Amino acid sequence: MSESTSTPSPGTGPRIREALSRLPAYVPGKPASAPPGITAYKLSSNENPYPPLPSVLAVVQEAAGQINRYPDMAVGELTATLADALGVPAECLATGTGSVGVLGQVIQACCDPGDEVIYAWRSFEAYPIVTTLAGAVPVQVPLDAEHRHRLDAMADAITDRTRVILVCTPNNPTGTVVHDDELRAFLARVPSDVLVVIDEAYLEFVQDAAAPDALAIWREHPNVMVLRTFSKAYGLAGLRVGYAVAHPDVAVALRKTAVPFGVNSLAQVAAVASLGAVDELQERVDALVKERGRVVDGLRDQGWDLSETEANFVWFDLAEQSGEFAAACEAAGLMVRQYGSDGVRVTIGEPEANDRLVQVCARWRAEH
């Protein structure tokens, strides 16, 4: 029997959505690497530098023996534990694969093609990605000179097609927070049919007394929801679990748009165990906040003009020098996160890594 081959005609392959051609790529933090003889530190992904708590690791190891079974699709134990910890009804909670997973559920639930999503820029780089994937239109409002949200300008940007507004506080990558009075004044200008998402991925590191109580604001506004994660302060970045606190109709929509079985069994038991180890986790958060203060003070003593960070990172507003600075850090064994020609974000890591960052910055200042 003879075999024949044929060449597909040009243009006859599967059709890919045109929207993907406009999709910005998510750039992950570089893995740790360094020249020979130098210890490398990964300060590019805002991870908690501490290993899992022993109590959390123990329950994960035990649960690993059951990974031949599907996880609980309703994420019941975590939902009940969160409801008790936060003092909110379980029907007001929705979970997902990290806060970015829940964010995708939000946009899918609220936006049809051509609808608009407003957010500050620069902010979390997943915002334009999840918006574009849904066929919605990103509306970016530049930060002010202090790298803070311009909430009045965001309110001015609202149109009849606006469906979602994202407020990242502390803002990633600049670390700044919106204040309670600013947020309340902003919400008074937002139509009741526009969903406002308060993204609090870095909530646990906030020390600013003027920062909003997002749950209190959520209780007062039917069009507000709160987005949080276990990836940062809780140190569960590798397990991908986040959640939303939303009013019941929104929470139902988020559960409908969730990936079935998205929160895996190991993630659920780790998150539940972490909620039961609050004191131990707070010690680690306190240590990171103290290190943040030490680093910021040291850099300001060198003459650096830094934005007020309330997260576990610092932002270097270096514009066209961003690449050169990131390369200098990498040469010293520090992996940092460059944002094009906008600036560089550096995570607060181990004390040794932070010491080296301060040294690199001192050399940079001396040479520039």
Side-chain angles (χ1 to χ4, degrees), residues 48 52-110 126 130 195 197-204 213-219 222-282 285:
N48 190 321
L53 291 170
S55 59
V56 174
L57 188 58
V59 299
V60 170
Q61 290 171 331
E62 181 179 355
Q66 300 295 320
I67 60 173
N68 57 307
R69 304 295 184 184
Y70 280 107
D72 170 20
M73 184 169 164
V75 200
E77 185 180 6
L78 177 56
T79 300
T81 305
L82 276 171
D84 183 61
L86 301 175
V88 304
E91 65 179 359
C92 294
L93 292 166
T95 55
T97 53
S99 60
V100 69
V102 183
L103 175 64
Q105 295 163 223
V106 170
I107 305 302
Q108 290 181 59
C110 295
V130 297
L195 180 66
V197 180
I198 305 175
D199 186 346
E200 293 192 310
Y202 301 92
L203 168 70
E204 291 81 4
D213 179 343
L215 290 182
I217 290 177
W218 162 75
R219 289 185 174 95
N223 64 328
V224 168
M225 62 162 278
V226 181
L227 188 60
R228 294 179 178 175
T229 184
F230 285 89
S231 295
K232 307 304 181 183
Y234 289 89
L236 302 182
L239 289 178
R240 314 307 303 125
V241 56
Y243 64 94
V245 182
H247 292 281
D249 55 340
V250 175
V252 167
L254 298 183
R255 289 192 286 272
K256 287 181 178 179
T257 52
V259 174
F261 305 108
V263 178
N264 68 67
S265 53
L266 302 186
Q268 178 168 203
V269 298
V272 169
S274 295
L275 289 170
V278 174
D279 291 341
E280 296 169 84
L281 283 166
Q282 190 60 50
V285 169

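One-based numbering along the sequence shown. The model shown is predicted, which means the values in this text are computed figures rather than measured ones.
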*Give the minimum heavy-atom separation between V263 and P71, together with the two atoms involved.*
O-CB, 3.6 Å

*Closest heavy-atom pair and its distance - A277, L53*: CB-CD1, 3.8 Å

*Between V259 and Q105, is any pair of side-chain heavy atoms under 4.5 Å apart?*
no

*Kindly state each residue pair satisfying side chain to side chain donor-acceptor pair (under 3.5 Å) with at least one member in residues 238-265, sequence neighbours excluded.*
W218-H247, S231-R240

*Quick one: are F230 and T95 in side-chain contact, heavy atoms under 4.5 Å?*
no

*So, for G98 and T229, which heavy atoms are closest and what is the spacing to 0.1 Å?*
CA-OG1, 4.4 Å

_Where at least one partner belongs to residues 85-105, residue pairs that pass ring-ring contact (aromatic ring centres under 6.0 Å, His included), sequence neighbours excluded_ = none

*Judged by atom type as modelled, is there a donor-acceptor pair below 3.5 Å linking the side chain of N223 to the main-chain atoms of L195?*
no

*Do I198 and L227 touch side chain to side chain, with heavy atoms closer than 4.5 Å?*
no

*Would you name the heavy atoms of L239 and A267 that are closest together and state the gap between them?*
O-CB, 3.4 Å

*Qualifying salt bridge (charged side-chain N to carboxylate O under 4.0 Å, His left out) pairs with a residue from residues 224-239, counting only residues at least two apart or across chains*: E200-R228

_Separation between SG of C92 and CG of L82, rounded to the nearest 0.5 Å_ = 12.5 Å

List the atom pairs, donor and acceptor, that lie under 3.5 Å between side-chain atoms in residues 56-68 and the rest of the protein, sequence neighbours left out.
none

*Might you point out which heavy atoms bring A233 and N48 nearest each other, and give the distance in Å?*
O-ND2, 3.0 Å

*Are L86 and L215 close enough that some pair of their side-chain heavy atoms sits under 4.5 Å apart?*
yes

*By side-chain hydrogen bond (donor to acceptor under 3.5 Å, both in side chains), which residues pair with Y202, not counting sequence neighbours?*
N46

*Sequence neighbours excluded, which residues qualify as side-chain hydrogen bond (donor to acceptor under 3.5 Å, both in side chains) partners of E77?*
none

*A244 and M225: which non-hydrogen atoms are nearest, and at how many Å?*
CB-CE, 3.4 Å

*asked:* Does any part of the side chain of F261, heavy atoms only, come nearer than 4.5 Å to the side chain of D72, both counted from C-beta?
replied: no

*Could you give me the CA-CA distance, side-chain angles and deciding distance for L93 and V88, then say whether side chain to side chain contact (heavy atoms under 4.5 Å, CB included) is met?*
CA-CA 8 Å; L93 292 166; V88 304; 4.0 Å; yes

